[in-house]
> 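This structure is in structure tokens; I'll ask about it shortly.
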2 protein chains.
Amino acid sequence: MAKQGQWVLVKLRQMIMSGDLAPGTRIAEIPLSEQLGVSRTPVRLAFRTLEQEGLLQREGRRGFSIRKVGEKEIRDAVEVRGVLEGLAARLVAEQGLSKKGRAVLLECLEKGDTLFSKGTITEEDMSSYHDLNMVFHQTLIDLADNSALSLAVARNNHLPFASYSSIAVDLKALDREFMRLKLAHMQHHILVDALERGQGARAEAVMREHAYAGALYFEMFWGNRRRYGDVTFITAAAE
Amino acid sequence: MAKQGQWVLVKLRQMIMSGDLAPGTRIAEIPLSEQLGVSRTPVRLAFRTLEQEGLLQREGRRGFSIRKVGEKEIRDAVEVRGVLEGLAARLVAEQGLSKKGRAVLLECLEKGDTLFSKGTITEEDMSSYHDLNMVFHQTLIDLADNSALSLAVARNNHLPFASYSSIAVDLKALDREFMRLKLAHMQHHILVDALERGQGARAEAVMREHAYAGALYFEMFWGNRRRYGDVTFITAAAE
DNA sequence: ACTCGACAAATTGGATCCAATATAATTATA
DNA sequence: TATAATTATATTGGATCCAATTTGTCGAGT
């Protein structure tokens with residue numbers, strides 16, 4: 001696909017991920033192609049791609065809409081993420097942790113240690129933690145060296161909350177966030193320890209729990225949105 | 001998508017799955033649209049869809065090609081299948097086995113028992129076994145009631161050997177095939193027992209081993225193709 | 001025999017148009 | 001006023017064309 005086609009795809013994905021196009025919003029080829037200043041062809045192809053990814057759904061002759069994602073679907077996806085990342089952890093432990101991979105993971109741990117050693121956390125710290133969290137998880141997946149797994153993880157990651165590319169934080173309760181992220185960070189430590197010891201079952205178990213911990217937090221927010229106020233998503237840049 | 005577009009997609013997928021278009025074969029929009037008697041537009045869309053599914057790969061200005069799948073990729077996919085179906089088994093055991101679901105699974109077990117009670121197996125028996133195997137596995141996935149899981153399984157199933165929709169059999173060694181399939185069938189029995197008892201960990205473990213057993217067989221064939229002669233794939237009808 | 005350059009052919013990406021069909025809006029009728 | 005019928009509009013699917021770019025072929029020169 002050429003540059004313009006790629007641009008349309010990325011642009012549309014951005015509009016969805018950023019909330020400019022909210023879930024349930026209807027979109028159609030002609031108005032969007034006019035808005036983006038291109039012909040219908042690249043828009044049509046982008047629609048198909050994003051439909052196949054699960055971000056859009058077809059509304060027949062009314063066009064397409066941004067697919068709404070319910071609570072159960074997110075929970076389902078977290079469950080799948082848990083077993084997939086658990087598999088990654090087990091594979092890495094079984095294969096042995098390479099020097100290079102170990103170095104990357106240790107660097108993430110050290111950075112996190114530095115962040116949490118202050119006893120408090122700022123919004124900027126959150127962003128830093130998010131970056132290192134992404135590097136950590138992606139490194140683990142890459143180290144597993146299983147193409148089907150990498151693909152399955154990527155495909156499962158299109159939902160907020162279900163993916164390590166997006167963490168939800170309550171900026172009005174930073175002390176609580178501090179404790180929560182520190183716990184997640186300790187789980188990273190435990191994982192690396194298990195990997196170094198070649199303990200596959202332990203590594204798998206801690207990664208599964210790691211995913212569930214994220215799901216538990218999601219449930220707190222989702223079920224009590226009024227009580228917990230506004231939530232900020234720190235997300236990955238659009239692909 | 002309209003009927004013609006769907007037809008082109010299904011047709012092309014059939015041509016790939018059946019081997020009419022062999023791995024590595026180059027295909028392009030214009031010749032294929034002429035061959036199928038349609039314009040380029042539906043062919044273009046089908047190419048994109050199948051590219052996204054992983055069946056085609058882009059060759060730049062030389063068009064597309066049927067993607068070759070190597071041994072490791074298949075093994076990787078079996079590994080992922082193992083943990084996904086293991087998750088399905090665990091979820092079903094945790095949720096409790098419904099009457100309806102139990103009835104379907106038990107019917108599959110009974111049919112299998114009848115097949116294997118003869119002490120020998122014919123090619124037609126193989127086909128029957130394949131059908132009930134598919135129903136069994138798909139029922140399990142459906143009973144898990146996890147949308148992300150169903151999607152992940154479906155997406156992982158595009159490779160032969162890695163999917164329960166395709167089993168490889170050596171028609172020249174039916175006694176050996178009998179024993180192998182009987183073992184797989186016994187694993188189905190064990191799974192249902194675990195489900196009925198609500199034993200999540202046991203259910204998960206037997207399903208994982210079930211997938212690995214298929215992978216082991218694949219390795220026997222792949223590594224010794226000369227020795228084992230021709231292999232017949234009994235596959236699902238194209239979707 | 002090999003290499004290079006010119007030209008032709010092949011291929012995709014995008015634009016535009018037409019047809020079919022569903023949806024929405026308007027008008028007529030009870 | 002409410003409902004049904006009619007008309008207008010919106011939308012996708014497919015066909016066709018043009019442009020850009022890559023790839024392949026052929027001929028000439030060394």
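Below, chain A is the first sequence line, B the second, and so on; all start at residue 1. Model, not experiment: these values are computed from the prediction.
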> Which whole-number value in Å describes the distance from I27(A) CD1 to dT11(D) P?
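Taking CD1 of I27(A) and P of dT11(D), I get 11 Å after rounding.
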> Return yes if some donor-acceptor pair links the side-chain N/O of Q95(A) with the main-chain N/O of A144(A) below 3.5 Å, else return no.
yes
> Atom CD of E29(B) and atom C1' of dT21(D): how far apart are they, to the nearest Å?
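Value for this atom pair: 15 Å.
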> Nearest-Å distance, CG (L45(B)) to C1' (dT12(D))?
11 Å
> Please figure out whether R62(A) or R26(B) has its closest DNA chain C nucleotide nearer the 5' end.
R26(B)
> Does a side-chain N or O of S39(B) approach OP1 or OP2 of dG14(D) to a distance below 4.0 Å, or not?
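For dG14(D), OP1/OP2 do not have a side-chain N/O of S39(B) under 4.0 Å.
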> Would you confirm whether E29(B), through its side chain, and V43(B), through its main-chain N or O, come within 3.5 Å as a donor-acceptor pair?
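No, E29(B) side chain to V43(B) backbone: no donor-acceptor pair under 3.5 Å.
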> Calculate the interatomic distance between R44(A) atom CZ and dG14(C) atom P; express it in whole Å.
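Distance, rounded to whole Å: 13 Å.
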> Counting just side-chain N and O atoms, does R40(A) come under 4.0 Å of either OP1 or OP2 of dA10(D)?
no
> When you measure from the side-chain N and O atoms of Q6(A) to the phosphate of dG13(C), is any distance below 4.0 Å, counting only OP1 and OP2?
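Checking dG13(C) against Q6(A), no side-chain N or O comes under 4.0 Å of OP1 or OP2.
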> In terms of side-chain heavy atoms of A28(B), which of dT12(C), dT12(D), dG13(C) is nearest?
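That would be dT12(C).
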> For the pair made of CG in L32(B) and P in dA15(D), what is the distance, rounded to whole Å?
13 Å
> Expressed in angstrom and rounded to an integer, what is the separation of R58(B) atom CZ from dT23(D) atom P?
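So the CZ-P distance, R58(B) to dT23(D), works out to 14 Å.
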> For atom CZ of R155(A), decide whether the heavy atoms of other residues, nucleotides or ligands shown that lie under 6.0 angstrom number more than 12.
yes
> Under 4.5 Å between any side-chain heavy atoms of H188(B) and N133(B), yes or no?
yes
> Taking five pairs at each end of the helix from dA1(C)-dT30(D) to dA30(C)-dT1(D), what angle separates the two helix axes (nearest 10°)?
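Nearest ten degrees gives 0° for this helix.
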> Is the closest side-chain heavy-atom distance between V92(A) and D145(A) below 4.5 Å?
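They are not in contact (no side-chain heavy atoms under 4.5 Å apart), so the answer is no.
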> Among the nucleotides dG13(D), dT11(C), dT12(C), which one has an atom lying closest to any side-chain atom of P31(B)?
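Closest of the options to the side chain of P31(B): dT11(C).
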> Any side-chain heavy atom of M207(B) within less than 4.5 Å of one from H210(B)?
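The answer is yes, as the side chains (C-beta and beyond) meet within the 4.5 Å cut-off.
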> Determine whether a donor-acceptor pair (N or O, by modelled atom type, separation under 3.5 Å) exists between the side chain of R208(A) and the backbone of G82(A).
no
> Give the nucleotide from the list dT11(C), dA15(D), dT11(D) with an atom nearest to the side chain of Q4(B).
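Output: dA15(D).
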> Whole angstrom is fine here: how far is it from CG in L56(A) over to C1' in dT12(D)?
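Rounded to the whole Å, the gap is 15 Å.
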> Any idea which of dT12(D), dT12(C), dG14(C) is nearest the F47(A) side chain?
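In terms of side-chain proximity for F47(A), the closest of dT12(D), dT12(C), dG14(C) is dT12(D).
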> Taking for each residue the nucleotide of DNA chain C bearing the nearest heavy atom, is the 5' side occupied by R61(B) or by K3(A)?
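It is R61(B), whose closest nucleotide lies nearer the 5' terminus.
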> Using the side-chain heavy atoms of I30(A), tell me which of these nucleotides is nearest: dT11(D), dT12(C), dG14(C).
dT11(D)
> Please give, in whole Å, the distance from dA15(C) C1' to E34(A) CD?
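Checked: the CD to C1' distance equals 14 Å.
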> Under 4.5 Å between any side-chain heavy atoms of I27(B) and L56(B), yes or no?
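A side-chain contact exists here, since the closest heavy-atom pair is under 4.5 Å.
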